[in-house]
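Some notes on the structure that comes next.
By convention in this document, chain letters (A, B, ...) are assigned in the order of the sequence lines, proteins followed by strands, and residues within each chain are numbered from 1. Not measured: the values here are computed from a predicted model.
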Amino acid sequence: MFKDIEHLIRLAVVMLIALIVFIVVRAHVVPRSFGQYGHYRGAALGEIASRPVALAGHEACETCHSDVADLKKQGKHVVVACEACHGAAANHADDPGSIKPAKLDTAILCARCHEANSAKPRGFPQVVTADHANGVACDTCHQPHRPKIDLQPETKGTKK
Amino acid sequence: MQIPVEGFMYPNEVELQWSILIVLYPFITGLVAGAFILASLERVFRVQAVKPTYRLALLTALAFLLVAPLPLQLHLGHPERSFEMYLTPHRSSAMAMFGFVYLWYLMAVLLLEIWLDYRRDIVLKSQTSTGFPRFIYRVLTLGSDNISERSLQIDERVGYFITLIGIPSAFLLHGYVGFIFGSVKANPWWSSPLMPIVFIFSAMVSGIAAVMLLYMLSTRLRGREIDMRCVDTIAQYLMYTFIIDFSLEMLDLLQRIYEADESFRSLDFMVHTRLWTSQVIVQILLGTVTPITLLALTQFLKFSATARKRIYAVAGVLTVIGIFAMRWNVVIGGQLFSKSFLGYTTYKMGFATREGLLPAIALMILPFIILWVLVKLLPPWPDAALSASGATAAHGTS
Amino acid sequence: MKITRRHLLVLMPAAAVAWKFVLAGTPEASPNYQLTEHWWAMLMDLTKCIGCGSCVRACAQENDVPDGYYRTWVERYHVTDWKIERPQVESPDGAKQGFPANELSDGKNFFVPKLCNHCADSPCTQVCPVGATFISPDGVVLVDKNYCLGCRYCVQACPYGCRFINPKTMTAEKCTLCYHRITKGLTTACCEACPTGTRQLADLKNPKDPIHEFLKTHSVQILKPHMATGAKVFYNGMDGSVR
């Protein structure tokens with residue numbers, strides 16, 4: 001009887017060996033942090049969190065540019081964070097001496113928010129720039145950090 | 001490359017994620033499942049008429065099953081990481097479970113059944129052949145050349161048991177492919193509980209048609225006479241499964257049209273425009289209604305054997321084309337519309353790119369090369385030399 | 001500075017040193033960050049959005065988002081009279097440069113910023129075959145790009161179109177809710193750059209977070225609630241036509 005099922009036993013042994021090889025390989029290849037928090041590599045959390053930031057955040061800007069922060073407090077743009085207009089500046093914050101943020105073109109920049117568009121909320125200040133400024137740069141009249149015109153401050157000191 | 005968009009797509013939706021390679025994948029696994037189910041007809045349900053195709057069907061299933069994961073591998077962004085699917089399978093993912101279903105089907109069902117069925121031939125060939133083939137046969141015997149009557153009887157019984165497991169496994173294999181699509185709730189074109197069942201029946205249809213064609217072709221190439229009782233029976237089964245398959249698809253369609261949920265207007269427009277040719281013309285009219293009608297005609301009218309052979313050949317080819325179109329319409333169609341239901345994108349198929357037409361064609365030729373090698377190695381028809389040297393042939397009637 | 005994955009490993013300690021002053025200024029910063037004490041979400045006050053696209057630009061800068069793909073974007077809706085089932089929507093280049101003027105007066109127009117909803121029952125993490133995308137213990141849906149196969153199943157599964165395949169890494173990518181910022185006590189890049197306060201990062205586990213008062217006093221919606229994804233981006237003043 002055994003002789004007649006010998007080939008089947010041999011097959012079973014081959015399959016068993018394959019299974020054992022799989023289990024051994026699996027134990028060695030699965031990343032160690034896998035399953036730490038759930039069905040994923042726990043170390044991934046740290047890797048993703050360690051990415052360097054590009055936008056410094058207005059708190060970082062204000063540690064040096066406190067004068068601009070004070071100026072902004074006098075007007076409506078107090079709610080607008082620095083990098084909304086100036087762009088990502090973490091590398092400038094890292095190395096303020098050699099890396100300077102690009103100078104801005106108010107003709108493009110102001111229009112992005114304030115160009116009239118029927119989809120914008122009613123109360124939001126909007127102008128048709130072609131009619132309103134007639135080609136004159138916005139910062140000829142408006143101080144971007146404190147845009148209201150009637151109380152023009154003495155200095156324009158924005159760029160340090 | 002600018003992809004033409006009509007209406008509004010969410011900006012990340014413009015590019016299609018799953019290409020023609022993912023069309024091939026359900027198509028190929030469908031052929032596997034269908035061919036196996038045809039083979040099990042003889043073994044489990046004792047349909048003696050289809051016996052000449054039994055071994056051919058098994059080898060066809062194996063050849064296509066070996067190719068099935070290749071389009072997936074080629075499509076992955078990181079093929080070298082695909083083994084993670086076996087290392088850390090995510091239990092809630094249909095795709096992860098499919099890896100195990102595939103492995104189970106390949107190792108525990110198909111290879112085992114073929115090995116048991118061919119063991120006598122393998123042992124005899126390991127004694128008569130020379131050179132490299134002899135080495136391969138010797139490895140395949142696993143070092144046991146016992147082909148006593150008792151051992152073959154045991155093989156027969158174990159083989160029967162494996163076929164018994166094999167039928168639900170084949171259903172599982174392709175039902176799972178259907179579930180991969182049917183369970184995506186974000187996509188109304190896919191999301192349907194009928195999807196796995198439709199996939200199983202369309203798999204049977206395509207597999208039966210493919211084996212029938214391969215049987216007729218290989219018999220002719222060998223210069224033998226086609227067993228008409230065999231192909232008549234297969235054609236009959238093809239017609240029945242095709243009618244069930246078509247009914248299920250129409251049921252799904254009817255439900256969609258009648259319910260007309262939020263996605264309906266968008267999908268309806270898509271079927272009438274971008275999918276009109278591939279869905280209505282190729283899949284439904286040419287690839288389903290025509291072959292069913294042809295097959296039905298042979299049931300009601302008396303045709304000569306030659307005429308029947310021709311009708312079966314035409315119906316078989318149309319069927320395979322129709323099922324391919326069905327896979328295309330599911331996979332590609334499901335990505336042409338926006339999930340906002342406000343717009344449509346376009347599928348631009350590359351040619352000699354990684355996921356282009358050329359690799360797709362190569363992947364469709366590959367199973368036939370594998371099948372050719374398998375047929376050389378393990379001839380599915382009675383071998384004159386073996387019959388002379390061994391006992392009476394166990395299989396084949398032609 | 002372009003940061004690739006390989007650089008990142010080198011930069012990890014360097015970045016930590018460079019940012020010590022940021023960390024010093026915010027006591028709740030990373031060394032003390034407790035995963036279990038947060039459950040992140042976002043508030044989107046559509047009554048304030050002006051469609052300027054600052055969020056899209058800031059996100060692209062912050063996260064090195066490849067051109068033509070969007071971790072966040074803004075849509076402009078145009079709805080005529082009662083036809084809320086057939087809005088006209090557009091989002092040119094994801095609104096990275098804002099929107100061209102469009103004075104359609106026959107109906108209403110408004111903007112809708114979109115990003116990953118960081119769903120609590122996210123369909124995208126459900127389908128990942130290997131566990132390369134997951135919900136972090138603090139409620140952020142993340143992708144492990146060193147483990148992702150690039151099978152794209154998650155892209156198909158997201159009902160909101162928030163995922164894409166990064167053509168450089170060939171792995172799935174999406175909004176991380178600026179995980180590298182919020183774990184350091186900063187807000188997300190999009191919230192930082194939003195000039196109107198439309199976007200507000202919110203910590204649902206923090207009882208002092210203003211979002212609780214806001215949710216108590218406003219009619220708030222989530223996107224595609226019928227998908228039952230447990231979306232955590234809450235939209236105030238959202239029209240029924242938004243999908």
Please determine, among C:Ala193, C:Gly197, C:Ala132, the option with the most heavy-atom pairs under 4.5 Å with chain A. C:Ala193
Distance check, rounded to the nearest 0.5 Å: C:Ile50 atom CD1 versus A:Asn117 atom CG? 10.0 Å
Identify the heavy atoms of C:Ala101 and A:Ala116 that sit nearest to each other, and give their distance. CB-O, 4.4 Å
With sequence neighbours left out, the residues meeting side chain to side chain donor-acceptor pair (under 3.5 Å) with A:Asn134 are none
Closest non-hydrogen contact found for A:Tyr40 with C:Ser136 is OH-CA, 4.0 Å
Closest non-hydrogen atoms of C:Glu62 and A:Leu55, given as atom of the first, atom of the second and distance, are OE1-N, 2.8 Å
Okay, C:Thr196 and chain A: the region with an atom under 4.5 Å from a heavy atom over there is side chain
Taking the side chain as every heavy atom from C-beta outward, state whether C:His180 and A:Ile48 have any pair of such atoms under 4.5 Å apart. no
So do C:Pro137 and A:Leu45 actually touch side chain to side chain, heavy atoms under 4.5 Å? yes
Checking C:Arg57 now: which residues fulfil salt bridge (charged side-chain N to carboxylate O under 4.0 Å, His left out) with it, not counting sequence neighbours? none
C:Tyr147 versus chain A, heavy atoms under 4.5 Å apart: side chain, backbone, both or neither? side chain
I want to check something: taking the side chain as every heavy atom from C-beta on, are C:Thr47 and A:Pro121 in contact at a cut-off of under 4.5 Å? no
Say you draw a straight line from CZ of A:Phe124 to SG of C:Cys49; how long is it, rounded to the nearest 0.5 Å? 10.0 Å
Point-to-point distance, once rounded to the nearest 0.5 Å, from OG of A:Ser118 to NZ of C:Lys108: 13.0 Å
Of the listed residues (A:Gly123, A:Cys85, A:Ala111, A:Ala84), which shares the most heavy-atom pairs with chain C below a 4.5 Å separation? A:Ala84
For C:Gly131 and A:Phe34, which heavy atoms make the closest approach, and how far apart are they? O-CE1, 4.3 Å
Residues C:Pro195 and A:Val79: closest non-hydrogen pair is O-CG2, 3.7 Å
Check each atom of C:Val130 against the heavy atoms of chain A and say whether the ones under 4.5 Å are side chain, backbone, both or neither. backbone
Given A:Gly38, A:Ala54, A:Pro31, the one with more heavy-atom pairs under 4.5 angstrom with chain C than any other is A:Ala54
Once rounded to the nearest 0.5 Å, what's the spacing between atom CG of C:Asp144 and atom CD of A:Glu47? 6.0 Å
How long is the gap from CZ on A:Arg112 to CZ on C:Phe99, to the nearest 0.5 Å? 13.0 Å
How close do A:Ala81 and C:Glu192 get, heavy atom to heavy atom, and via which atoms? CB-O, 3.0 Å
4.5 Å side-chain heavy-atom contact, A:Arg51 and C:Asp64: yes
Below 4.5 Å, heavy-atom pairs only: which of A:His114, A:Arg122, A:Arg41 has the largest tally toward chain C? A:Arg41
Below 4.5 Å, heavy atoms only, C-beta onward: do A:Lys120 and C:Phe110 meet side chain to side chain? no
Is chain A contacted by the side chain of C:Ala189, its backbone, both, or neither, given a heavy-atom distance below 4.5 Å? both
Counting only non-hydrogen atoms closer than 4.5 Å, does C:Leu35 touch chain A with its backbone (N, CA, C, O), its side chain (CB onward), both, or neither? side chain
The interface call for C:Asn63 against chain A, heavy-atom contacts under 4.5 Å, is both
